2 protein chains.
Amino acid sequence: MPVTAADRVLLEIQRAIVEGDIPAGSKISEPELARRFDLSRAPLREALARLERCHLIERIPNAGARVVTLSKEGLISLYQLREELEGLACRLAAEQMTDAEIAEVRALLDQHLSTQRVREGESYYQEAGDLDFHYRIILGSKNPYLINILCDELYFLVRMYRVQLGMNGPRVSRAFDEHKAIIHAIANRDGELADLLMRRHIGASRRNIELQLTGNQA
Amino acid sequence: MPVTAADRVLLEIQRAIVEGDIPAGSKISEPELARRFDLSRAPLREALARLERCHLIERIPNAGARVVTLSKEGLISLYQLREELEGLACRLAAEQMTDAEIAEVRALLDQHLSTQRVREGESYYQEAGDLDFHYRIILGSKNPYLINILCDELYFLVRMYRVQLGMNGPRVSRAFDEHKAIIHAIANRDGELADLLMRRHIGASRRNIELQLTGNQA
DNA sequence: TTTGGTGTTATTGTCGACAATCTTTGTGTT
DNA sequence: AACACAAAGATTGTCGACAATAACACCAAA
């Protein structure tokens with residue numbers, strides 16, 4: 001949990017950027033944000049440094065910071081990495097996860113399924129559940145560097161693409177089946193298959209967002 | 001190039017940690033380092049934040065920072081990632097690199113070969129050359145997130161393992177041939193082969209360092 | 001002797017002000 | 001009218017001091 005003031009404001013700004021409250025591409029003003037969140041520039045700059053780390057803002061020395069802009073090229077680059085890294089996470093998870101951890105993930109999926117049946121097509125819960133699933137697999141890899149990159153550095157940007165470009169269509173309900181198949185492969189200790197399924201899962205997700213992106217800006 | 005004071009001190013501390021001038025596992029004292037590099041704590045803390053980003057130090061809120069310790073598990077986790085990410089870099093480079101860029105890398109290798117013939121077994125130059133080669137391939141992938149992770153976040157730690165655990169034996173001279181084979185595959189636009197060769201190359205490097213690690217601490 | 005609590009010390013987190021740099025606006029020249 | 005240059009304004013980077021938290025030492029009691 002957030003212990004320092006910089007931690008708190010980081011979470012607030014992360015949420016604001018991901019949800020578009022602070023618009024993509026807009027300039028960041030340190031004095032303004034300091035007033036808005038009622039703290040000094042010192043902890044704010046600490047937060048900005050971490051925002052840069054997770055690719056939500058871009059800083060230029062002596063010139064200031066801007067919120068990142070979403071683009072097709074950026075999406076593709078990001079998802080190329082995700083496919084590779086989460087595929088690796090699946091292979092490692094198939095070796096490293098305990099039976100108890102696997103059972104937990106399965107229980108999580110069943111829980112998601114029951115709530116999703118009720119809120120058919122509602123994207124927010126699905127997204128939260130999807131991220132939750134991916135988080136579990138990544139943590140299951142037990143590789144600290146991999147966990148850091150995916151959970152701390154890349155996922156906020158992934159969420160930003162999802163939230164700002166929408167996440168809907170038949171894709172939402174299919175994701176559950178794909179999750180089921182992945183955890184099943186992991187339970188069978190079939191890392192190669194889990195890897196393949198995860199890559200397909202992420203690839204399908206990318207194409208879905210890509211469609212929204214080309215449709216909206218064309 | 002370093003433009004701000006925080007940039008300069010970051011480079012200095014990075015070098016100091018990588019080369020063991022500031023020992024692995026030692027505690028970081030902000031006031032002491034501020035005096036040592038003759039600046040205030042503000043830019044120093046900025047530098048520490050970036051050091052944490054590239055995994056050279058570990059910070060605990062309100063408790064301070066320590067230089068990371070090198071371990072077999074850490075080495076394996078790090079090189080698992082390298083294999084995967086640099087393999088991906090090879091596949092992308094085989095598609096994205098221009099003929100001119102490929103020619104440059106080949107010229108670079110020839111140049112390294114001539115100097116290496118002279119300084120047979122000298123590890124420092126080899127290491128610098130090896131890193132230079134890997135840098136070129138990674139940049140050739142044209143994927144900004146991949147480049148950031150490998151060049152800015154992971155490579156200092158890789159260098160730390162290499163420098164502090166030594167890099168010697170017949171491995172040093174073999175690396176050149178492996179480099180040649182990799183760039184050859186990329187020139188043929190054979191991404192799959194380049195991927196495979198790079199994974200082997202990194203795997204061999206890992207085993208080499210692993211040997212040093214088990215030998216020294218046993 | 002060991003353990004628990006407390007007071008002291010040192011370190012980190014935060015603040016407000018100053019200095020250096022960049023951006024912008026306005027003016028003069030070609 | 002367009003361009004270059006200069007001054008003004010704003011923003012970022014840096015500094016020194018204060019506040020809050022954690023580590024340490026010391027003492028007391030079991």
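This one's a predicted model, so the numbers in the text were calculated from it and none came from an experiment. Proteins come first, then strands; the chains are lettered A, B, ... in the order of their sequence lines, and each starts at number 1. All values below come from the heavy atoms of this structure, side chains included, with hydrogens, waters and symmetry mates left out.
- Within the structure, every pair that satisfies the salt bridge (charged side-chain N to carboxylate O under 4.0 Å, His left out) test and touches residues 142-158 of chain B, not counting sequence neighbours, is listed here: Arg53(B)-Glu153(B), Glu101(B)-Lys142(B).
- For the side-chain hydrogen bond (donor to acceptor under 3.5 Å, both in side chains) test, no residue two or more places apart in sequence or in another chain qualifies with Asp38(A).
- Residues meeting the side-chain hydrogen bond (donor to acceptor under 3.5 Å, both in side chains) test with Gln96(A), sequence neighbours left out: none.
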At under 4.0 Å between heavy atoms, which parts of nucleotides 7-24 of chain D does protein reach? Answer with one letter per nucleotide, 5' to 3': B base, S sugar-phosphate only, - none. -----BBBB-----SSS-
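- Remark on the helix from dT1(C)-dA30(D) to dT30(C)-dA1(D): inter-end axis angle 20°, axes from five-pair C1' superpositions, rounded to 10°.
- Tyr155(B) has its ring centre less than 6.0 Å from the ring centre of Tyr135(B).
- Rounding to the nearest 0.5 angstrom, the gap separating the CD atom in Glu84(B) from the OH atom in Tyr79(B) is 16.0 Å.
- Results of the side-chain contact (heavy atoms from CB on, under 4.5 Å) test with Ile202(B) over Gln80(B), Glu86(B), Arg207(B), Glu178(B) single out Glu86(B) as the only residue that passes.
- Legend: residues meeting side-chain hydrogen bond (donor to acceptor under 3.5 Å, both in side chains) with Glu83(B), ordered by chain and number and at least two apart, are absent.
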